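The structure appears right after this line, and notes come after that.
Quick caveat: nothing in here was measured; it's all calculated off a predicted structure. Note that ligands are numbered from 1 as they come in the structure, with each ligand's atoms numbered from 1 the same way.
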Amino acid sequence: MSISLQNISKNYGSQKALDNINFSIEKGQIVGFLGPNGAGKSTTMKIINGYLNPDAGEVQVNNVSVAENPMSTKAMIGYLPEHNPLYLDMYIKEYLLFCAKVHKVSKASVKIIIDKVGLKPEISKRIKELSKGYRQRVGLAAAMLHNPEVLILDEPTTGLDPNQLVEIRNLIKEVGKDKTVLFSTHIMQEVEAICDRVIILNKGKIVADRLMDELKGKNLEEMFRSLTN
Ligand code: ADP
């Protein structure tokens with residue numbers, strides 16, 4: 001399995017964020033991660049990345065324990081956090097070269113990723129001069145520079161205009177062809193358009209885990225509302 005979570009629980013003080021979460025994602029799947037705000041999606045993603053430790057349970061990435069080998073599992077994951085933190089004063093290439101150094105990958109990989117995510121038309125700009133759609137492309141480029149097998153994308157399309165939204169969605173679909181992708185979103189059509197599977201979280205518990213093929217002809221939005229309202 002590319003990603004495996006077993007009996008994961010997490011509290012922030014007295015706030016229960018995750019309550020015994022279990023799921024596995026096989027190699028190559030694109031999984032939409034849905035849930036109301038506060039359901040625990042970001043917490044789950046941070047735990048898979050090794051940025052947060054769970055209070056209980058075990059996470060494995062490519063059958064390697066995140067708790068025991070955090071450096072090796074981090075190297076297998078590309079993570080685009082919510083709100084996409086970037087160094088705004090840097091030029092695109094300057095920033096990606098910096099990320100390449102951090103990941104110890106060659107300068108050549110920066111050129112390849114710039115082509116892949118379609119940053120060429122804006123390449124002479126500083127990050128602060130870019131539209132939100134292009135900033136998301138920079139975030140995706142940074143997440144994919146080291147060619148990770150697993151992509152964890154926390155609300156990658158939130159705040160984009162309809163054209164940017166379709167462009168980034170297509171990009172996720174394209175790069176997802178040879179990766180395992182877990183991404184969170186509030187847009188049901190997005191899940192229907194690009195996912196193989198949907199996992200719905202509510203109040204720290206999984207309330208649905210279904211293949212999209214099983215949901216053909218069903219209304220995902222209605223299902224979401226009945227499970228989370
Ligand atoms: P989602 O990504 O689905 O919106 P989160 O994982 O961000 O959900 O949050 C799950 C719950 O944990 C919420 O009740 C949230 O308020 C709480 N929470 C998240 N981060 C923290 C934190 N750093 N400290 C305290 N509570 C937190």
Side-chain angles (χ1 to χ4, degrees), residues 2-25 29-61 66-67 70 73-74 77-86 132 135-136 139-140 142-143 148 150-160 165 168-169 172 176 179-210 212 215 220-229:
S2 281
I3 303 173
S4 159
L5 281 78
Q6 286 158 32
N7 308 115
I8 293 296
S9 293
K10 175 76 187 171
N11 297 319
Y12 296 103
S14 60
Q15 170 75 54
K16 192 173 264 302
L18 295 176
D19 185 6
N20 201 26
I21 297 286
N22 288 277
F23 65 82
S24 297
I25 302 179
Q29 255 186 352
I30 302 187
V31 180
F33 202 24
L34 297 179
N37 287 331
K41 303 180 297 298
S42 296
T43 302
T44 306
M45 291 176 149
K46 286 176 193 165
I47 287 174
I48 297 170
N49 285 315
Y51 285 89
L52 269 182
N53 293 323
D55 297 332
E58 159 93 352
V59 182
Q60 293 186 345
V61 177
V66 173
T73 55
K74 278 195 177 94
I77 298 176
Y79 175 42
L80 178 63
E82 197 182 4
H83 310 308
N84 187 10
L86 294 166
K132 177 120 203 253
R135 287 185 194 195
Q136 288 304 82
L140 275 170
V150 174
L151 282 180
I152 308 280
L153 311 175
D154 198 349
E155 298 198 24
T157 57
T158 296
L160 299 182
L165 204 139
I168 296 298
R169 195 181 288 172
I172 294 170
K179 298 198 185 296
T180 306
V181 183
L182 177 67
F183 82 97
S184 59
T185 177
H186 289 295
I187 308 170
M188 306 290 153
Q189 300 94 306
E190 197 152 275
V191 175
E192 285 162 339
I194 66 176
C195 293
D196 305 305
R197 174 176 162 197
V198 61
I199 296 177
I200 304 178
L201 204 60
N202 189 41
K203 296 181 183 157
K205 286 180 191 282
I206 292 180
V207 291
D209 182 351
R210 307 285 289 273
M212 293 313 290
L215 298 177
L220 184 58
E221 191 148 353
E222 259 173 29
M223 183 175 133
F224 178 86
R225 282 150 66 98
S226 73
L227 287 168
T228 60
N229 229 337

*asked:* List the residues meeting salt bridge (Lys or Arg N to Asp or Glu O under 4.0 Å) with Arg135, not counting sequence neighbours, and say none if there are none.
replied: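 Once residues adjacent in sequence are excluded, Arg135 has no partner under the salt bridge (Lys or Arg N to Asp or Glu O under 4.0 Å) criterion.
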*Out of Leu153, Thr185, Val191, Leu182, which residue meets the side chain to side chain contact (heavy atoms under 4.5 Å, CB included) rule with Phe33?*
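Of the listed residues Leu153, Thr185, Val191, Leu182, the side chain to side chain contact (heavy atoms under 4.5 Å, CB included) partner of Phe33 is Leu182.
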*Run through Ile206, Val59, Thr43 and flag the one making a side chain to side chain contact (heavy atoms under 4.5 Å, CB included) with Ile21.*
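Of the listed residues Ile206, Val59, Thr43, the side chain to side chain contact (heavy atoms under 4.5 Å, CB included) partner of Ile21 is Ile206.
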*Do Arg197 and Asp209 pass the salt bridge (Lys or Arg N to Asp or Glu O under 4.0 Å) test, and can you show the C-alpha distance, the side-chain angles, and the key distance before you say yes or no?*
CA-CA 7 Å; Arg197 174 176 162 197; Asp209 182 351; 2.8 Å; yes
*Applying a heavy-atom distance cut-off of 4.0 Å, which protein residues contact ligand 1?*
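The 4.0 Å shell around ligand 1 contains Tyr12, Gln15, Ala17, Pro36, Asn37, Gly38, Ala39, Gly40, Lys41, Ser42, Thr43.
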*So, Ser9 versus Asn20: side-chain donor-acceptor pair below 3.5 Å or not?*
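Side chains of Ser9 and Asn20: no pair found under 3.5 Å.
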*Kindly check if the number of other-residue, nucleotide or ligand heavy atoms within 6.0 Å of NZ (Lys205) is above 12?*
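Open.
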